[in-house]
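Here is the structure we will look at, set down as structure tokens.
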Amino acid sequence: MKGWNRLVWGLVEQIPAGRVMGYGHVAAALGHPGRARQVGWALAALPRDTTVPWQRVIRSSGSLAFQGTPERAMLQRARLQAEGVEFQGDGVDMARYGWLPGDG
DNA sequence: CTGGTGACGTCTT
DNA sequence: GAAGACGCCACCA
């Protein structure tokens, strides 16, 4: 268990269902603004059977990641929609579904 | 230590 | 709005 992974996973697990966070927001919330890539790296290290709700972490712009890997992108979208998140095109309205620690 | 890589973000054309 | 360049830095070979 690496420090970064633990930090990232711990925060992602706190995101309520039906809400989303941007990679950059996660990094900033952990005290590391500008390190969105490391957040992505930490999530990439998750096992397939993880209980961490990684689908709730999307790009800061609201669009989904995994543009190069449609399989997980569709899974992510399906899971979010199942939680009540509405999609507009390929993205989500961050102003509506965005979440930050303490907002819960 | 060196170099390549990447589930990103921001700035510049 | 779209595409390209650059920065960021943990991880792996």
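Chain letters run A, B, ... following the sequence lines, proteins first and then strands; every chain starts at 1.
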| task | Can you tell me the distance, in whole Å, between the CH2 atom of A:W4 and the C1' atom of B:dC8? | result | 12 Å
| message | Of the listed nucleotides (B:dA7, C:dC12, C:dC9), which one gets closest to any side-chain atom of A:W41? | response | C:dC12
| task | Ignoring the backbone of A:W54, work out which of B:dA7, B:dC8, C:dA10 is nearest its side chain. | result | B:dA7
| In whole Å, what is the span from the CZ atom of A:R79 to the P atom of B:dA7? | 18 Å
| field | Under 4.0 angstrom between A:R35 side-chain N/O and C:dA10 OP1 or OP2 | value | yes
| In Å and rounded to the nearest 0.5 Å, what is the CD to CD distance from A:E83 to A:Q55? | 5.0 Å
| Whole-Å distance separating the NE2 atom of A:H25 from the P atom of B:dT10 | 8 Å
| Closest to the A:L46 side chain: B:dG6, B:dC8, B:dA7? | B:dA7
| Is there a side-chain polar atom (N or O) of A:R37 under 4.0 Å from OP1 or OP2 of C:dC9? | no
| query | So A:H32 and A:W4, would you call those rings parallel, tilted or perpendicular, with 30° and 60° as cut-offs? | reply | tilted
| Length of the CE-P vector between A:M21 and B:dC8, whole Å | 16 Å
| Quick one: A:R59 CZ to B:dG9 P, roughly how many Å, whole number? | 7 Å
| Can you tell me how far the CG atom of A:L100 sits from the CG atom of A:L11, to the nearest 0.5 Å? | 9.5 Å
| remark: Rounded to whole Å, CG of A:L7 lies from C1' of C:dC11 at a distance of 16 Å
| query | In whole angstrom, what separates A:F66's CZ from B:dG6's P? | reply | 13 Å
| field | Rounded distance (Å) that lies between atom P of C:dA10 and atom CH2 of A:W9 | value | 16 Å
| What distance do A:R35 atom CZ and A:L30 atom CG have between them, rounded to the nearest 0.5 Å? | 11.0 Å
